[in-house]
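Please read the structure below before turning to the comments.
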Amino acid sequence: MSEAAGQHLPVMVAEVLRLMKPRPGQILADLTLGCGMHGSQLLKAITPGGLLLGMDRDPAMLAIAERELSKIPAGRFLLVNDTFGNLRHVLEKAGYQAVDGILADLGISSAQLDSAERGMSYRKDGLLDCRMNTTQGEPVWKDLETLSVDDLAGILFRYGEETQARRIAEAIARERVKEPIRTTGQLTRLLESVVVPGPRRGLHGARRTYLALRAWKNSEPQQLEQMLGCIPGCLKRGGIVAVISYHSLEDAPTKAAMKRWKDEGRCRLLTNSAIKASDAEIASNPRARSARLRAAMRI
Ligand SMILES: C[S@@+](CC[C@H](N)C(=O)[O-])C[C@H]1O[C@@H](n2cnc3c(N)ncnc32)[C@H](O)[C@@H]1O
């Protein structure tokens, strides 16, 4: 990751700590370690005697997080480069049946978003990649060469709730005949010329397309379902899970899963409705505006 990666400001740290109540000696899993900002607060709270299992599918993020976690004196942590859909397997491989707490802070970090070469942002010009792990699979620009208009429109609608999906897909198909779309700059200029502005001022017309391509490329909904499916079985009794979502395609399944756990008598909800960031936090970190925090306790 380039030096221009930028700083990631963690969201609702105080609220996460209040809900998870980390204590010395606990074993916690941070499934989305990112830059290790939440993780280092959790590690501080469980030291001495505790252990933080930190996961991220992006090896570049684990390298950043390792530097952050290493600053905690006597902090014990284990880093795993894997997807959280594999949580059950990762825990077993690490020798744990269940842990005292789990944090999932979904989506991507500012370090990934602000890194032009990751190709995830309409604000940065770079190759249109969108993969969270660049050692696996192909970048999105290659998919844009071959996806049919129907498939592309389906991806934009399903993964980004883009109501102008077909219009955008047709524009991409017309454009690629003239010139292959390789960079975010090319895609953003095209989107700016075809997307009809919506009623919400301040939201860029390219936002949903980028979200959709990233979520599709990284199988984000499937990952989330797999992870939510195994969470109750990965928590000790009294163990707490906290999930931070950034849009409805993350928050709706999280809310539904927690309700299911409650109805099955496996968990008690710690948040009846999602917690939002304070105005003060949003003022200093605009990314916090869309964040929704939900938590549940294994019973
Ligand atoms: C919002 S950031 C987390 C930031 C982190 N809480 C911090 O304080 O720095 C989300 C992270 O989750 C990772 N991630 C996203 N989907 C994942 C998945 N399915 N499995 C593992 N990691 C994932 C991303 O690579 C990214 O680093």
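Both counts, for ligands and for their atoms, begin at 1 and track the order of listing.
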Which bit of [X] is near ligand 1, meaning a heavy atom under 4.0 Å away: side chain, backbone, both or neither?
{"X": "L33", "answer": "backbone"}
{"X": "L103", "answer": "neither"}
{"X": "M61", "answer": "side chain"}
{"X": "I244", "answer": "neither"}
{"X": "E220", "answer": "neither"}
{"X": "H8", "answer": "side chain"}
{"X": "R287", "answer": "side chain"}

For ligand 1, which atoms sit closer than 4.0 Å to a heavy atom of [X]?
{"X": "L31", "answer": "21 (C), 22 (N)"}
{"X": "S109", "answer": "2 (S)"}
{"X": "G36", "answer": "7 (C), 9 (O)"}
{"X": "T83", "answer": "20 (N), 21 (C)"}
{"X": "D58", "answer": "25 (O)"}
{"X": "D82", "answer": "20 (N), 21 (C)"}
{"X": "I108", "answer": "1 (C), 2 (S)"}

(request) Say whether L106 and ligand 1 are in contact under the criterion: heavy-atom distance to a ligand atom below 4.0 Å. (result)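 Flag set, L106 near ligand 1.
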(message) Yes or no: does E68 have any heavy atom under 4.0 Å from an atom of ligand 1?
(response)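 Contact check E68 vs ligand 1: negative.
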Has the side chain of [X] got a donor or acceptor atom that lies under 3.5 Å from a matching backbone atom of [Y]?
{"X": "S40", "Y": "E68", "answer": "no"}
{"X": "R57", "Y": "N218", "answer": "yes"}
{"X": "R294", "Y": "T271", "answer": "no"}
{"X": "S115", "Y": "R118", "answer": "no"}
{"X": "S193", "Y": "L190", "answer": "yes"}
{"X": "T184", "Y": "G119", "answer": "no"}
{"X": "Y159", "Y": "R208", "answer": "no"}
{"X": "R292", "Y": "H247", "answer": "no"}
{"X": "S109", "Y": "A111", "answer": "yes"}

Tell me, which protein residue and heavy-atom name are nearest [atom], and how many Å apart are they?
{"atom": "atom 15 (C) of ligand 1", "value": "M132 SD, 3.2 Å"}
{"atom": "atom 9 (O) of ligand 1", "value": "C35 N, 2.9 Å"}
{"atom": "atom 12 (O) of ligand 1", "value": "T32 CB, 3.2 Å"}
{"atom": "atom 20 (N) of ligand 1", "value": "F84 N, 2.8 Å"}
{"atom": "atom 25 (O) of ligand 1", "value": "D56 OD1, 2.7 Å"}
{"atom": "atom 19 (N) of ligand 1", "value": "Q223 OE1, 3.0 Å"}
{"atom": "atom 8 (O) of ligand 1", "value": "H38 N, 2.8 Å"}

(request) Quick one: closest heavy-atom pair of D105 and T32, and the distance? (result)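 D105 and T32 have their closest heavy atoms at N-OG1, 2.7 Å.
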(message) Which heavy atom of M37 sits nearest to which heavy atom of P10, and what is that distance?
(response)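 Heavy-atom minimum between the residues: CB-CG, 3.4 Å.
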May I ask you to check if ligand 1 and [X] share an N or O to N or O distance below 3.5 Å?
{"X": "D30", "result": "no"}
{"X": "Q112", "result": "yes"}
{"X": "M37", "result": "yes"}

(request) Show your reasoning for whether salt bridge (Lys or Arg N to Asp or Glu O under 4.0 Å) applies to D129 and K217. (result) CA-CA 9 Å; D129 193 311; K217 188 78 242 183; over 6 Å; no
(message) Taking D100 first and then K236, would you say they form a salt bridge - that is, a charged N and a carboxylate O separated by under 4.0 Å?
(response)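 Looking at K236 together with D100, the answer is yes, because their closest N to O distance falls below 4.0 Å.
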(message) I'd like the name of whichever of R214, M55, R57, Q226 reaches closest to atom 21 (C) of ligand 1 through any heavy atom.
(response)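 That would be R57.
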(request) Could you name the option among A60, G34, G107 that has the heavy atom nearest to atom 10 (C) of ligand 1? (result)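 Among A60, G34, G107, the closest heavy atom to atom 10 (C) of ligand 1 belongs to G107.
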(request) Would you indicate whether D279, at its atom CG, is surrounded by more than 12 heavy atoms from other residues, nucleotides or ligands within a distance under 6.0 Å? (result)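 Counting neighbours around CG of D279, 12 or fewer heavy atoms of other residues, nucleotides or ligands fall under 6.0 Å, so no.
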(request) Compare all side-chain heavy atoms of F157 with those of E161 and state whether any distance is below 4.5 angstrom. (result)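 F157 does not reach E161 side chain to side chain.
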(request) May I have the step-by-step check of side chain to side chain donor-acceptor pair (under 3.5 Å) for H8 and Q112, ending in yes or no? (result) CA-CA 9 Å; H8 179 84; Q112 292 163 311; over 6 Å; no
